[in-house]
Amino acid sequence: MLTNAPRGTRDILPDTVGYWLHIEKTVRDICALYGYKEIRTPVFEHTELFLRGIGETTDVVEKEMYTFVDRGERSITLRPENTAAAVRAYLEHKLYADAALNKLFYIGSMFRYDRPQAGRYREFHQFGVEALGGSNPAIDAEIILLAVQFLKQLGLSELELSLNSVGCPNCRPVYRERLQAFFKEKLDGLCPDCRSRYERNPLRILDCKNERCQELSVGAPAITECLCGECQDHFSQLQECLTAADVQFQLDPRLVRGLDYYTKTAFEIKYAPLGAQSAVAGGGRYDGLVEECGGNATPAVGFAVGLERVLLALEKQQLLPVLSDSMDAFVVALGTEAQTPAFKLLCKLREKGLTANMDFAGRSMKAQMKQANKAQARFAVILGEEEVKESCAVLKNMQTGEQEKISLSELVNKLYAEVKD
RNA sequence: GUGGCUGUGGUGAAGCGGUUAACACACUGGAUUGUGGCUCCAGCAUUCGUGGGUUCAAUCCCCACCAGUCACCCCA
């Protein structure tokens with residue numbers, strides 16, 4: 001137990017952090033391109049925020065939250081997603097006063113108590129975007145484009161974008177009733193889950209993977225047939241924008257998001273080869289959330305990308321960048337007399353901005369040369385007792401094998417010139 | 001939370017109810033005393049996820065737990 005990370009968590013080791021940095025850099029580049037500013041919120045929040053924000057009857061809230069009481073008797077929850085927190089910060093710091101439209105992005109750990117499997121962890125990382133304060137369908141289109149461009153920039157292909165509208169508080173109740181009416185006499189045939197969904201959230205029945213439920217829901221009214229005028233307009237304008245931007249999408253009237261705050265636009269980007277956890281990105285519009293959290297009615301859209309899944313997809317498509325961590329110099333010290341002068345030299349190299357390392361274990365020259373080789377050092381700087389006396393060192397080019405003796409006073413500059421040209 | 005499969009050294013793996021647990025890679029050291037990448041040699045699991053049980057005997061059989069994996073579920 002002492003030597004095992006908690007279930008569903010993983011260490012990101014030095015040999016793979018480079019992949020994460022690559023993804024994170026792509027995130028920052030894209031967000032800069034689209035004018036989204038980074039926001040960092042706490043890893044935990046008051047439990048109440050998620051109850052209100054995500055919805056008390058959602059699976060995430062009902063059975064997946066890491067909730068505990070802190071020493072001040074507050075109920076605290078490790079964030080299972082970041083939209084509610086972003087909205088909280090938006091209200092707390094009155095960001096709405098800065099601009100009519102706030103475009104934010106975040107990268108960070110989220111926590112859900114799920115059963116781990118490939119692409120699903122208890123601590124996982126999301127990159128997400130929130131545009132607060134705008135109702136224009138062009139903003140929905142913009143963030144979808146942002147998500148698509150992000151994934152494309154990483155090199156991913158074979159992505160499927162599904163799109164739907166889940167309506168608003170005006171038209172969804174109407175649809176809900178029609179759906180209940182449709183399922184009323186089929187209730188006995190539905191799976192137990194769906195029978196409880198019938199009352200609580202009949203839209204989710206359409207989403208059920210159970211074959212029998214799928215069969216029974218054939219011919220069910222589609223939400224898109226029941227949208228109010230406003231939602232309908234919004235949805236069709238969104239589609240126009242996407243088409244204008246040359247984005248391929250597929251309408252999926254069964255697409256339902258699991259978080260209660262969604263209104264109008266809902267979308268999902270899938271990478272099918274990932275198997276059961278193939279949703280790489282998902283999001284939509286949540287026009288009611290800001291008000292639900294105590295602010296003025298404020299329209300908003302956002303999405304989140306699962307970074308572990310992106311990484312898995314990159315692996316599958318062999319798109320991971322080649323990580324090289326070569327360095328400028330490796331200082332080889334021979335004998336006890338040379339240790340301190342070598343260390344001094346190492347410090348000087350680093351002061352000059354040259355990446356350098358040395359062995360601290362007092363190993364043989366051969367072993368040190370091997371290390372220099374493995375560290376992909378461009379130069380080895382060899383310092384033995386003889387050189388110390390003459391106050392010089394041997395500079396060896398590891399690629400060509402050429403080497404020359406050089407006085408210590410010139411060495412740093414010489415090496416700098418060699419490396420930086 | 002449910003079900004299936006799996007669990008041998010740093011990694012990939014072979015193995016079998018019975019003395020010393022293959023092999024490869026990695027790692028460490030060495031091949032005339034101060035030179036890497038190739039080659040050669042040597043070292044590297046008192047132990048087979050953990051804890052019980054069956055047996056004269058278990059890494060190989062049984063149970064529990066833990067972990068991984070796949071599916072359900074959920075979602076990013």
Side-chain angles (χ1 to χ4, degrees), chain A residues 1-10 13 15 54 58-65 80-83 107-129 147 151 191-194 197 204 207-211 255-259 262 266-271 274-284 302-313 330 332-335 338 359 361 363-387 393-403:
Chain A
M1 195 171 161
L2 239 41
T3 53
N4 273 81
R7 184 156 205 217
T9 68
R10 309 190 303 168
L13 298 174
D15 61 337
I54 300 173
T58 57
D59 281 10
V60 170
V61 168
E62 274 188 337
K63 42 195 194 196
E64 295 175 6
M65 294 209 306
E81 56 95 58
N82 212 14
T83 299
I107 308 178
S109 289
M110 307 298 152
F111 305 85
R112 290 184 201 174
Y113 192 88
D114 256 359
R115 178 118 175 220
Q117 68 182 74
R120 185 167 78 186
Y121 305 97
R122 290 182 174 177
E123 181 193 20
F124 60 103
H125 297 81
Q126 283 189 337
F127 144 52
V129 145
L151 297 167
C191 73
D193 278 341
C194 284
R197 281 172 183 147
R204 297 271 302 279
D207 210 27
C208 185
K209 308 286 187 303
N210 185 303
E211 264 182 49
L255 177 65
V256 180
R257 308 265 74 214
L259 311 180
Y262 286 109
F267 75 95
E268 192 170 274
I269 301 176
K270 272 193 187 175
Y271 177 66
L274 250 31
Q277 311 301 328
S278 62
V280 163
F303 72 77
V305 176
L307 263 23
E308 278 79 2
R309 293 180 187 180
V310 168
L311 197 63
L312 283 172
F330 193 93
V332 174
L334 301 170
D359 168 65
R363 300 209 278 177
S364 72
M365 176 173 204
K366 195 189 193 79
Q368 293 187 60
M369 287 304 291
K370 274 191 183 177
Q371 250 181 294
N373 188 55
K374 206 165 57 177
Q376 300 177 59
R378 293 183 60 187
F379 289 89
V381 180
I382 303 162
L383 203 62
E385 309 197 347
E386 199 181 297
E387 286 81 3
V394 171
L395 183 61
K396 173 166 183 162
N397 183 319
M398 293 296 281
Q399 234 135 50
T400 64
E402 290 164 27
Q403 60 180 58

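Every value quoted in this text rests on a predicted model; they were computed, and no experiment measured them. Side chains included, hydrogens not; waters and symmetry mates left out as well; all remaining heavy atoms used.
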With [X] via side chain to side chain contact (heavy atoms under 4.5 Å, CB included) - residues at least two apart:
| X | answer |
| --- | --- |
| A:Gln371 | A:Phe330, A:Asp359, A:Arg363 |
| A:Phe124 | A:Met110, A:Arg112, A:Tyr121, A:Gln126, A:Glu308 |
| A:Glu387 | A:Leu383, A:Cys392, A:Val394, A:Lys405 |
| A:Arg204 | A:Asp59, A:Arg197, A:Asn201, A:Val256 |

Quote, to the nearest angstrom, the [atom1] distance that separates [N] from [M].
| N | M | atom1 | result |
| --- | --- | --- | --- |
| B:C60 | B:G15 | P | 15 Å |
| B:C25 | B:A67 | C1' | 25 Å |
| B:G12 | B:A26 | P | 15 Å |
| B:A58 | B:G51 | C1' | 15 Å |
| B:A13 | B:G18 | C1' | 24 Å |
| B:G43 | B:U32 | C1' | 22 Å |
| B:G3 | B:C73 | C1' | 12 Å |
| B:C66 | B:A24 | C1' | 30 Å |

Roughly how many Å is it from CZ in A:Arg10 to C1' in B:U69, rounded to a whole number?
13 Å

To the nearest angstrom, the CZ-P distance between A:Arg7 and B:G49 comes to 18 Å

Could I get the full list of salt bridge (Lys or Arg N to Asp or Glu O under 4.0 Å) partners for A:Arg120, not counting sequence neighbours?
A:Asp114

So, using salt bridge (Lys or Arg N to Asp or Glu O under 4.0 Å) as the criterion, who are the partners of A:Glu385 when residues are at least two apart?
none

5'-most by nearest nucleotide on RNA chain B - A:Gly8 or A:Arg309
A:Gly8

Bracket string, RNA chain B, 5' to 3' - pairs by Watson-Crick or G-U geometry under 3.5 Å, | interstrand
(((((((..(((.....[....))).(((((.......))))).....(((((..]....))))))))))))....

Protein-nucleotides 70-73 of chain B N/O pairs under 3.5 Å:
unit_1 : atom_1 : unit_2   : atom_2 : d
B:C70  : OP2    : A:Ala118 : N      : 2.4
B:A71  : OP1    : A:Ala276 : N      : 3.3
B:A71  : OP2    : A:Gln117 : NE2    : 3.3
B:C72  : N4     : A:Arg120 : NH2    : 3.1
B:C73  : OP1    : A:Lys209 : N      : 3.4
B:C73  : O3'    : A:Arg197 : NH2    : 3.4
B:C73  : N3     : A:Arg120 : NH1    : 2.7
B:C73  : N4     : A:Arg120 : NH1    : 3.4
B:C73  : N4     : A:Gln277 : NE2    : 2.8

At under 4.0 Å between heavy atoms, how does the protein contact nucleotides 25-37 of chain B? Give one character per nucleotide, 5' to 3', with B, S or -.
--SSSS---BBBB

Sugar-phosphate, base or nothing in reach of A:Gly302, heavy atoms under 4.0 Å
nothing

Less than 4.5 Å apart, side chain to side chain, heavy atoms only: is that true for [X] and [Y]?
| X | Y | value |
| --- | --- | --- |
| A:Glu64 | A:Pro80 | no |
| A:Val332 | A:Met369 | yes |
| A:Arg122 | A:Tyr113 | yes |
| A:Asn397 | A:Gln403 | no |
| A:Ile54 | A:Glu81 | yes |

The criterion is side chain to side chain donor-acceptor pair (under 3.5 Å); which residues satisfy it with A:Ser109, sequence neighbours excluded?
A:Glu123, A:His125

Protein N or O to nucleotides 38-40 of chain B N or O, pairs below 3.5 Å:
none

With sequence neighbours left out, write down each residue that passes ring pair (Phe, Tyr, Trp, His ring centres under 6.0 Å) with A:Phe127, or none if nothing qualifies.
A:Phe150, A:Phe303

Criterion side chain to side chain donor-acceptor pair (under 3.5 Å) on A:Gln399 and A:Arg378, from CA distance to verdict:
CA-CA 7 Å; A:Gln399 234 135 50; A:Arg378 293 183 60 187; 5.5 Å; no

Under-4.0 Å side-chain N/O to phosphate OP1/OP2 contact, A:Arg112 with B:C75:
no

